[in-house]
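Presented below is the structure to which this report refers.
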Amino acid sequence: MAPIVRRAASLKTLNSFGVDACADRLVELREFDDLPDALALLRAHPPALVLGGGSNLLFTRDPPGTVLRVGLGGRRVLDATPGEVLVEAGAGEDWHAFVGWTLDQGLSGLENLSLIPGSVGASPIQNIGAYGVEMCERFDSLDAVSLHDGASRRFDGADCAFGYRDSVFKRPGGSEWLITKVRFRLARSARLCLDYGEIRDELRATGVASPTARDVSEAICAIRRRKLPDPATMGNAGSFFKNPVVERELAERLRAAHADMPVFPAESPARAKLSAAWLIDRCGWKGFRDGDAGVHDRHALVLVNHGTASGAQILALAERIRQSVRQRFGVELELEPAVV
């Protein structure tokens with residue numbers, strides 16, 4: 001069975017912003033055996049754009065060349081000890097469904113990352129994180145192939161060079177790799193992370209005194225559904241900006257002027273992490289709308305498409321927000337989604 005190839009293919013339903021874009025050639029990769037044929041098509045019709053769940057991407061124009069949509073599936077347990085289990089998933093697996101599958105196996109570790117949109121293969125590229133947990137803390141390794149010559153390679157954590165919403169795959173040369181499988185090390189006995197955000201309050205409100213990993217997952221799903229729009233009903237890519245990491249001196253100076261400004265530890269004691277949502281909200285952007293491009297009225301980090309906004313209009317709004325935060329606070333916001 002060869003990969004499916006479509007010409008002049010609409011990408012509107014394949015990106016969570018619901019932006020209308022068209023691929024000259026769309027290749028759908030669903031079987032591992034079809035990898036050589038798919039790579040040959042990419043090399044014959046460059047440049048190549050790899051598309052997973054389309055949840056961390058903003059199209060501002062039609063992408064040139066060939067778009068490869070990765071639909072490689074499969075979930076399995078590879079190895080197990082009394083306390084730890086190694087699991088593997090195909091890159092095209094839906095992330096939230098995979099998290100649910102790990103909970104069904106009685107495993108803990110990914111519950112705080114519940115309901116994050118996107119695919120398993122995209123999770124190490126972005127080093128996704130939420131509610132006090134980052135994917136890299138549960139990561140074991142991944143398999144990838146070179147788009148240039150088809151060479152296979154296994155990446156461990158050090159190879160991936162994970163950072164805050166970052167990895168080697170987002171840096172120069174990293175986009176040459178097509179991730180095919182990802183592996184995680186999970187626990188049989190829950191080591192729950194409950195001290196971030198509203199998790200304990202949500203558990204208390206639902207009467208859960210001794211939570212399980214599934215209880216935590218359900219609590220986080222409830223929180224996210226209250227605060228974040230569903231891409232199926234309102235186009236968005238979740239958080240549009242990273243929380244900025246700045247010099248601690250600047251953070252302390254800002255907090256002296258704004259006593260309620262949240263400041264969090266960063267990887268280096270000389271630096272601190274600020275809340276992008278707080279900065280944007282203070283600049284008055286929450287609930288703002290310009291045509292069909294807007295900012296969600298319950299979460300200032302989420303840019304939305306109310307219907308027919310183009311990617312260029314959403315990006316223009318993002319730049320206006322960045323400029324206002326820069327002017328008022330002297331802080332530079334960085335985009336989370338990749339922009340085409």
Side-chain angles (χ1 to χ4, degrees), residues 15-17 19 55-60 116-118 122 125-131 134 162-167 169-171 196-197 224 227-229 231 234-268 270-291 293-305 309-340:
N15 70 96
S16 62
F17 261 117
V19 166
S55 60
N56 199 47
L57 185 72
L58 178 64
F59 288 110
T60 60
I116 294 179
I125 297 174
Q126 184 75 358
N127 185 22
I128 60 173
Y131 294 95
E134 287 192 330
F162 291 120
Y164 172 59
R165 302 297 177 270
D166 191 27
S167 72
F169 304 105
K170 296 182 72 174
R171 300 170 198 164
Y196 191 97
R224 292 182 68 95
K227 295 173 66 174
L228 302 172
M234 182 181 291
N236 74 93
S239 297
F240 200 87
F241 301 97
K242 298 180 183 181
N243 286 324
V245 177
V246 301
E247 296 299 321
R248 178 159 290 279
E249 180 184 357
L250 173 60
E252 294 302 333
R253 191 163 67 248
L254 289 172
R255 185 155 59 177
H258 308 278
D260 61 334
M261 186 185 76
V263 177
F264 306 101
E267 292 180 359
S268 166
R271 296 170 69 78
K273 185 183 295 183
L274 307 181
S275 166
W278 186 92
L279 296 170
I280 296 167
D281 193 9
R282 277 303 178 95
C283 289
W285 289 103
K286 186 188 287 186
F288 177 86
R289 180 169 178 173
D290 184 0
V295 180
H296 196 241
D297 58 7
R298 294 198 301 273
H299 204 310
L301 266 187
V302 181
L303 271 61
V304 296
N305 179 2
S310 69
Q313 290 169 326
I314 293 169
L315 184 61
L317 174 58
E319 291 301 326
R320 291 170 65 187
I321 293 170
R322 293 180 71 197
Q323 182 179 3
S324 70
V325 170
R326 185 188 308 118
Q327 289 177 342
R328 180 166 180 182
F329 296 105
V331 174
E332 192 71 36
L333 294 182
E334 185 177 350
L335 307 188
E336 277 205 25
V339 175
V340 178

Which residues satisfy the salt bridge (Lys or Arg N to Asp or Glu O under 4.0 Å) test with [X], sequence neighbours excluded?
X	result
Glu334	Lys242
Lys273	none
Glu267	none

Partners of [X] by ring pair (Phe, Tyr, Trp, His ring centres under 6.0 Å), sequence neighbours excluded?
X	result
Trp285	Phe288
Phe169	Phe155
Tyr131	none
Phe241	none

CD of Glu249: more than 12 outside heavy atoms within 6.0 angstrom? no
Set of residues satisfying side chain to side chain contact (heavy atoms under 4.5 Å, CB included) with respect to [X], sequence neighbours excluded:
X	value
Glu332	Arg322, Arg326
Asp166	Lys170, Arg171
Ala130	Leu113, Ile116, Arg224
Ala293	Ala309, Gln313, Ile314, Leu317

Do Val325 and Pro244 come within less than 4.5 Å of each other through their side chains, counting heavy atoms only? no
Only pairs at least two apart or in different chains count here, so list each salt bridge (charged side-chain N to carboxylate O under 4.0 Å, His left out) that has a residue in residues 254-264. Glu252-Arg255, Asp260-Arg282
Just do the side chain to side chain contact (heavy atoms under 4.5 Å, CB included) check on Asn127 and Tyr164 with the steps written out, would you? CA-CA 7 Å; Asn127 185 22; Tyr164 172 59; over 6 Å; no
